[in-house]
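Structure record follows, encoded as structure tokens.
All values below were derived from every heavy atom in this structure, side-chain atoms included, with hydrogens, water molecules and symmetry-related copies excluded. So you know, we letter chains A, B, ... as the sequences are listed, proteins then strands, and number each from 1.
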Protein chains: 2
Amino acid sequence: MSDPADFLSRLSGALPAAALRAVAPRYLSEPRGRWEGRACAVVAPGSAEEAATALRLACEARVPVIPYGGGTGLVGGQVAQGGAAPLLVSLERMTRIREVYPDENVMIVEAGAILSDVHDAAEKAHRLFPLSIAAKGSARIGGLLATNAGGVNVLRYGNARDLCLGLEAVMPSGEVWHGLKRLRKDNTGYDLRNLLIGSEGTLGLITAASLKLAPRPAGEGTALMVVEGPAAALRLLSMARDHMGEGVSAFELMHREGLNFLAETMPQVRQPWEAAPEWFVLIDVGLARGLDPAGALEALFEAALEAGLVSDGMIAQSEGQRTDFWTIRESIPEANRHIGAISSHDVSLPLGAVAEFVAAAPGALARIGAFRINCFGHLGDGNLHYNVFPVPGRSRVEHEDQRDAIKTCVHDMVHALGGSVSAEHGIGRLKVGDLERYGDPAKLAAMRAIKAALDPAGIMNPGAVLRVL
Amino acid sequence: MSDPADFLSRLSGALPAAALRAVAPRYLSEPRGRWEGRACAVVAPGSAEEAATALRLACEARVPVIPYGGGTGLVGGQVAQGGAAPLLVSLERMTRIREVYPDENVMIVEAGAILSDVHDAAEKAHRLFPLSIAAKGSARIGGLLATNAGGVNVLRYGNARDLCLGLEAVMPSGEVWHGLKRLRKDNTGYDLRNLLIGSEGTLGLITAASLKLAPRPAGEGTALMVVEGPAAALRLLSMARDHMGEGVSAFELMHREGLNFLAETMPQVRQPWEAAPEWFVLIDVGLARGLDPAGALEALFEAALEAGLVSDGMIAQSEGQRTDFWTIRESIPEANRHIGAISSHDVSLPLGAVAEFVAAAPGALARIGAFRINCFGHLGDGNLHYNVFPVPGRSRVEHEDQRDAIKTCVHDMVHALGGSVSAEHGIGRLKVGDLERYGDPAKLAAMRAIKAALDPAGIMNPGAVLRVL
């Protein structure tokens with residue numbers, strides 16, 4: 001590596017003043033406060049070409065580069081640990097909605113666009129951009145794609161990768177790939193788009209994307225229904241799809257513990273029941289013309305009651321009530337943060353194995369110690385957030401020495417059932433060891449070969465996804 | 001390269017007798033009869049492990065390997081040209097449906113399973129495997145995935161890649177990747193699955209796949225509607241989706257020339273009109289419970305008539321009539337073969353550019369000569385099969401010298417409009433030059449780096465997708 005001061009002076013000589021940023025603390029923190037990052041400099045390019053300049057200079061100087069979106073990632077992919085202090089390339093100045101094609105259901109946006117701004121732009125064109133996560137007010141499109149974000153609408157509309165038709169990206173060589181296609185079918189060569197999506201900034205820097213929009217459903221409805229457990233919930237989902245086909249847009253499982261946490265830490269959130277049930281689901285539907293969502297949910301509820309799948313339920317009668325129901329679901333991650341998890345797990349399972357996992361995990365964890373468990377998530381995708389907390393009166397720091405055992409216990413069970421130890425958050429730096437432990441050796445070898453081929457200098461987000469050898 | 005006889009004797013020593021096949025002519029031909037292939041041997045492994053043995057021996061002896069499915073590809077990906085005679089690895093013995101999980105909407109099948117057998121197995125489980133192409137009676141799952149096949153239901157259900165949750169594959173090194181996940185969300189590392197899908201056998205050999213099933217729609221309906229041209233057809237599609245949401249499963253554009261070709265070469269196919277209209281669409285819908293498909297198509301037709309988008313139409317009143325309508329669409333490729341195209345083009349365009357292309361292309365081609373054009377395809381995906389034929393009384397051989405000019409004329413226009421010169425058929429050997437001419441240089445460089453990294457000996461389907469340098 002060349003002299004750092006030299007690199008910084010070449011960087012500031014090659015980029016406009018507007019692209020140079022101070023290394024502010026906000027770039028170095030992450031949402032759960034577990035790690036503090038480092039950076040030798042921060043640049044905010046205004047175009048793919050400026051980003052390419054930054055990457056070329058970094059490559060020449062062998063300075064690591066971390067692509068930086070909204071900083072909302074939960075696995076440390078945006079936070080350097082060890083090695084030379086990296087250059088952070090922040091997308092914060094590339095926030096334009098470049099084009100909207102409502103008739104094509106396509107929108108071209110720069111990678112720094114914030115998710116909620118993309119939602120608004122789609123709505124203005126009477127369309128829907130369906131990707132939605134709790135951090136939508138700060139997460140940026142580039143980061144959402146780099147991590148293949150999931151969220152609450154995957155059941156109907158897919159992950160981030162399913163919503164992307166094309167990319168503009170700077171490859172580690174500094175070449176710009178102009179791949180902003182608006183095509184539904186394009187079989188011209190290897191799927192570089194999907195390779196970059198989910199590679200967490202280790203294979204290139206996404207600067208813009210061509211996104212799929214969806215028609216807005218004619219009518220939407222939301223219900224809460226009480227179920228006996230995950231197995232009944234999955235049968236209810238099957239019944240809901242039998243009734244409404246693709247109309248089921250979200251199917252979220254929640255547990256009483258989530259309501260307890262809300263009552264404890266966020267009393268302003270309206271509780272749906274006086275006596276909280278053990279398990280319940282939030283069902284969201286968006287239906288085509290000629291169908292009444294509240295009526296369809298009512299019919300579903302009655303059929304499910306008849307079949308013994310639900311014991312209680314409420315169907316939103318107004319937009320205000322829909323918001324109330326969703327507020328419960330969307331406040332749970334914040335309540336979790338207030339309580340303070342010892343260990344959080346973002347896992348997925350084959351749908352047929354969800355109930356077995358949920359039944360067996362508490363017993364296995366009880367052999368390690370006494371904990372509270374808040375299990376919730378996107379049941380329709382088999383994606384559970386399985387978070388382990390101290391019992392009342394104790395704090396997470398008292399359990400530091402148990403964290404590894406808890407994590408291994410949960411992940412081993414998930415893996416044995418054919419599941420994934422990172423359903424939607426990615427690998428980042430937090431789960432590099434998990435990937436080595438549970439990943440398929442042939443796939444890992446292929447990943448390492450691809451990384452070495454596309455980024456021979458190893459400058460792109462080193463230490464994320466793959467260990468630096 | 002070592003002695004070929006030596007390689008063949010090691011191969012027959014290492015594999016069971018059942019895996020050894022004679023080099024029959026059927027392995028060396030392709031549907032349009034344009035090229036004849038070559039092979040030093042054909043093996044049909046019974047498992048991923050046997051396939052891995054074959055690849056390891058081929059790699060040691062530097063013998064090229066061509067993965068062989070149903071042999072239905074249209075771009076010569078399965079037909080060796082030049083270089084050493086390859087080993088064909090046929091999937092014909094790996095045809096098992098390994099597992100069906102109806103509650104998960106998942107099925108695990110071996111790569112040699114024939115598409116129509118997969119359809120039948122899904123139906124037996126009251127589910128739908130939606131991928132459908134004309135060659136469904138002979139195309140095999142491995143080939144469909146290796147080429148990311150499209151077909152008539154992409155509009156609703158996506159391409160082959162959208163219907164695959166996981167793969168088992170032999171990497172060029174001979175290592176087996178065990179990636180048959182049944183998960184809807186799995187963000188553990190690079191997307192090797194999508195990299196192999198669409199790589200046309202140049203990066204590995206798919207031996208089994210975990211496939212997504214869909215619920216069967218409660219009711220299905222089909223209509224033919226006469227439109228003024230592609231622009232009106234696209235507005236009709238928009239209206240259809242506004243009425244029926246995701247319920248629109250196919251939206252196929254056809255031209256009078258297709259009906260002429262049918263009348264000329266396949267008089268047994270029932271013609272829908274006495275006087276054929278210039279442009280018409282086939283609309284297929286599958287709706288959830290509580291909706292009547294024929295009634296919904298009737299309502300759509302009336303609204304479209306009101307809006308001036310359609311001038312005539314017929315809605316199938318029975319399953320027999322649905323079959324009749326579909327037979328027209330599905331017989332057009334065969335009628336085309338009877339007439340004999342000078343040049344066929346599988347192109348896609350941004351939806352907003354389809355009408356412009358269809359309006360401009362005939363004039364541009366007329367500057368080359370006098371031709372008949374049959375333009376048809378999956379309009380909802382922007383995917384047109386734009387095929388150019390001799391006028392009556394002349395034959396394709398008389399136009400040999402114009403083929404390149406015709407192809408370049410069509411492809412240049414498509415490329416200038418932001419389209420793709422291979423929408424669903426892939427690159428194979430036929431379009432290697434097109435990929436070099438129209439492909440993005442940064443993407444091509446990345447593809448070459450990936451190929452060299454995963455297949456350093458260059459044994460996997462050399463000459464397909466990328467030129468052997």
For chain B, find which of [options] contributes the most heavy-atom pairs closer than 4.5 angstrom.
{"options": "A:R216, A:R241, A:R184", "answer": "A:R184"}
{"options": "A:G245, A:S422, A:A453", "answer": "A:S422"}
{"options": "A:A423, A:S420, A:S348", "answer": "A:A423"}
{"options": "A:A442, A:A214, A:P217", "answer": "A:A442"}
{"options": "A:T188, A:L444, A:L195", "answer": "A:T188"}
{"options": "A:L203, A:D162, A:L155, A:L165", "answer": "A:L203"}

Heavy-atom side-chain proximity of [X] to [Y] below 4.5 angstrom:
{"X": "B:E168", "Y": "B:I108", "value": "no"}
{"X": "A:L384", "Y": "A:V414", "value": "no"}
{"X": "A:M239", "Y": "A:H243", "value": "yes"}
{"X": "A:V354", "Y": "A:L379", "value": "yes"}
{"X": "B:M447", "Y": "A:L192", "value": "no"}

Give, as side chain, backbone, both or neither, the part of [X] having an atom under 4.5 angstrom from any heavy atom of chain A.
{"X": "B:L291", "value": "side chain"}
{"X": "B:L183", "value": "side chain"}
{"X": "B:D103", "value": "backbone"}
{"X": "B:A446", "value": "both"}
{"X": "B:A296", "value": "neither"}
{"X": "B:D346", "value": "neither"}
{"X": "B:M244", "value": "backbone"}
{"X": "B:K443", "value": "both"}
{"X": "B:V176", "value": "backbone"}
{"X": "B:Y190", "value": "both"}

Decide yes or no on side chain to side chain contact (heavy atoms under 4.5 Å, CB included) for A:N148 and B:D191, but give the supporting numbers first.
CA-CA 10 Å; A:N148 186 31; B:D191 191 356; over 6 Å; no
Do you know which two heavy atoms are closest between [X] and [Y], and how far apart they sit?
{"X": "B:G204", "Y": "B:L196", "result": "N-CD2, 4.1 Å"}
{"X": "B:A169", "Y": "B:T207", "result": "N-OG1, 3.9 Å"}
{"X": "A:G382", "Y": "A:L351", "result": "N-CD2, 3.5 Å"}
{"X": "B:V285", "Y": "B:V248", "result": "CG1-CA, 4.2 Å"}
{"X": "A:A355", "Y": "A:A231", "result": "CB-CB, 3.9 Å"}
{"X": "B:G426", "Y": "B:V75", "result": "O-CG1, 3.6 Å"}

Using only non-hydrogen atoms and a strict under-4.5 angstrom cutoff, which residues of residues 431-441 of chain B touch chain A?
B:L435, B:D440, B:P441
Apply side chain to side chain contact (heavy atoms under 4.5 Å, CB included) to the pair B:H411 and B:V347, showing each step before the final yes or no.
CA-CA 8 Å; B:H411 285 179; B:V347 302; 4.2 Å; yes
Of all of [options], which one pairs up most often with chain A through heavy atoms under 4.5 Å apart?
{"options": "B:V106, B:D242, B:L237", "result": "B:D242"}
{"options": "B:G198, B:P350, B:A449", "result": "B:P350"}
{"options": "B:R193, B:H378, B:R161", "result": "B:R161"}
{"options": "B:V465, B:T147, B:N383", "result": "B:N383"}
{"options": "B:E175, B:E104, B:R182", "result": "B:E104"}
{"options": "B:G247, B:G380, B:G352", "result": "B:G352"}

Roughly how far, to the nearest 0.5 Å, is CD of A:E220 from CG of A:L128?
7.5 Å
Are the side chain of [X] and the backbone of [Y] linked by a donor-acceptor contact shorter than 3.5 Å?
{"X": "A:N153", "Y": "A:P130", "result": "yes"}
{"X": "A:E200", "Y": "A:I427", "result": "yes"}
{"X": "B:K451", "Y": "B:M460", "result": "yes"}

Which bit of [X] comes within less than 4.5 Å of chain B, counting heavy atoms only: side chain, backbone, both or neither?
{"X": "A:N159", "answer": "side chain"}
{"X": "A:R156", "answer": "side chain"}
{"X": "A:L180", "answer": "neither"}

Could you give me the CA-CA distance, side-chain angles and deciding distance for B:L145 and B:L167, then say whether side chain to side chain contact (heavy atoms under 4.5 Å, CB included) is met?
CA-CA 10 Å; B:L145 288 167; B:L167 293 175; 4.0 Å; yes
